[in-house]
Number of protein chains: 6
Amino acid sequence: MATEFDTGLPSVRQLQGVIREQSTVEVKLLTGDVLNGMIVWQDAHAICLSVDGATMLMMRAAIAYVKISA
Amino acid sequence: MATEFDTGLPSVRQLQGVIREQSTVEVKLLTGDVLNGMIVWQDAHAICLSVDGATMLMMRAAIAYVKISA
Amino acid sequence: MATEFDTGLPSVRQLQGVIREQSTVEVKLLTGDVLNGMIVWQDAHAICLSVDGATMLMMRAAIAYVKISA
Amino acid sequence: MATEFDTGLPSVRQLQGVIREQSTVEVKLLTGDVLNGMIVWQDAHAICLSVDGATMLMMRAAIAYVKISA
Amino acid sequence: MATEFDTGLPSVRQLQGVIREQSTVEVKLLTGDVLNGMIVWQDAHAICLSVDGATMLMMRAAIAYVKISA
Amino acid sequence: MATEFDTGLPSVRQLQGVIREQSTVEVKLLTGDVLNGMIVWQDAHAICLSVDGATMLMMRAAIAYVKISA
């Protein structure tokens, strides 16, 4: 389980912007689940999503896409 | 199979908090299974969940999300 | 999460060409979703697709194929 | 295909205990298959399960969980 | 995203042979899609397949098998 | 795409034994496909299976299990 996490990558910076703006994103998982919430933090393994008061650690390897509204 | 495991990562620390508090989590796997139980330990490969008296090694690569109740 | 990204690889260069030409691609995910859009950027973790005004970070590990029209 | 295999990890040691005790485990794969058998050995790539006289190399990346009865 | 690509490996050499001979292969993806076409190139991330005039980057991690006719 | 391949691992040696004995194995893929054939070779990325005269490169990451008859 590698723990390198290059915060300079476009994908990481884009999600950091979403965290700062506290905007809502849609996350689709490989299970087919679609979740809407605010990203609280991200690290090498997971994206933490706040969904209706619950804290959800979405495992990166299980994420199909993150949709950011315009 | 890398064995590095950075205990300083937010995702690892959050689960360590759950272990200390002995609170129940919901784990969804890529198979679609949803399991509720207490996390006993975590390492680089697996999260060990105690479910109704059985010990379940949930493989990290197969975990879609871990939901922590508020 | 490795962050090496060899921009000399054929697959990376082909997508860079698609970005420059602003042509539309079809991306199929492991979820079965098929999305059509323009690639905005790519990095080691994701391909950013612009789909009907929304920004979608398509996780590389979840991509089945990228289809480039002739 | 990394071949490091840290035998000190809790998940590895737990399965070594199961091998020593020759107890039966339930293994669920990402295909949805559920297999019951005795673990013969484990290495970085696979867990070898003896199921009704057949030897089955269960690929680690395809394992959802290993359930150990109490 | 590792970019090492050992061209001496049997699997890489076999596909190089297919490219040279311009024979048609069948590729099955984890999505269940089966595609028939000619391999144009391969790199560490993808196998580029020419299918009915379209260029398809088949992501290696999403490929179940490549079938080479006798 | 790592290319290390430790031929001393039990899982690698077991499959080498199967190759020497030219016995038939059953391979199940994450797609649900079950294939019966003889293993011709293995490397870090794939297991080459001869099935009814066709050569099939079964990608390791897509293999659920290899079943070896007693």
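Values in this document were obtained by computation on a predicted structure and should not be read as measured data. Here is how names work: the chains are called A, B, and so on, in the same order as the sequence lines, proteins then strands, and each is numbered from 1.
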Q) Which of residues 34-41 of chain E get closer than 4.5 angstrom to chain C, counting heavy atoms alone? A) E/Trp41

Q. So how far is it from C/Ile63 CD1 to E/Met58 CE, rounded to the nearest 0.5 Å?
A. 13.0 Å

Q) Got a donor-acceptor contact below 3.5 angstrom from the E/Asp43 side chain to the C/Leu9 backbone? A) no

Q) Between CG of E/Leu57 and CG of C/Leu15, what distance do you get to the nearest 0.5 Å? A) 5.5 Å

Q) Could you state the interatomic distance from OG1 (E/Thr31) to NZ (C/Lys28), rounded to the nearest 0.5 Å? A) 4.5 Å

Q: State the CD1-OG distance between C/Ile68 and E/Ser50, to the nearest 0.5 angstrom.
A: 11.5 Å

**Q.** Under 4.5 Å from a heavy atom of chain C, the part of E/Asp33 involved
**A.** side chain

Q.
Suppose the criterion is salt bridge (charged side-chain N to carboxylate O under 4.0 Å, His left out): which pairs have a residue in residues 12-27 of chain C, not counting sequence neighbours?
A. none

**Q.** Atom pair CD/OG of E/Gln42 and C/Ser11 - distance to nearest 0.5 Å
**A.** 11.5 Å

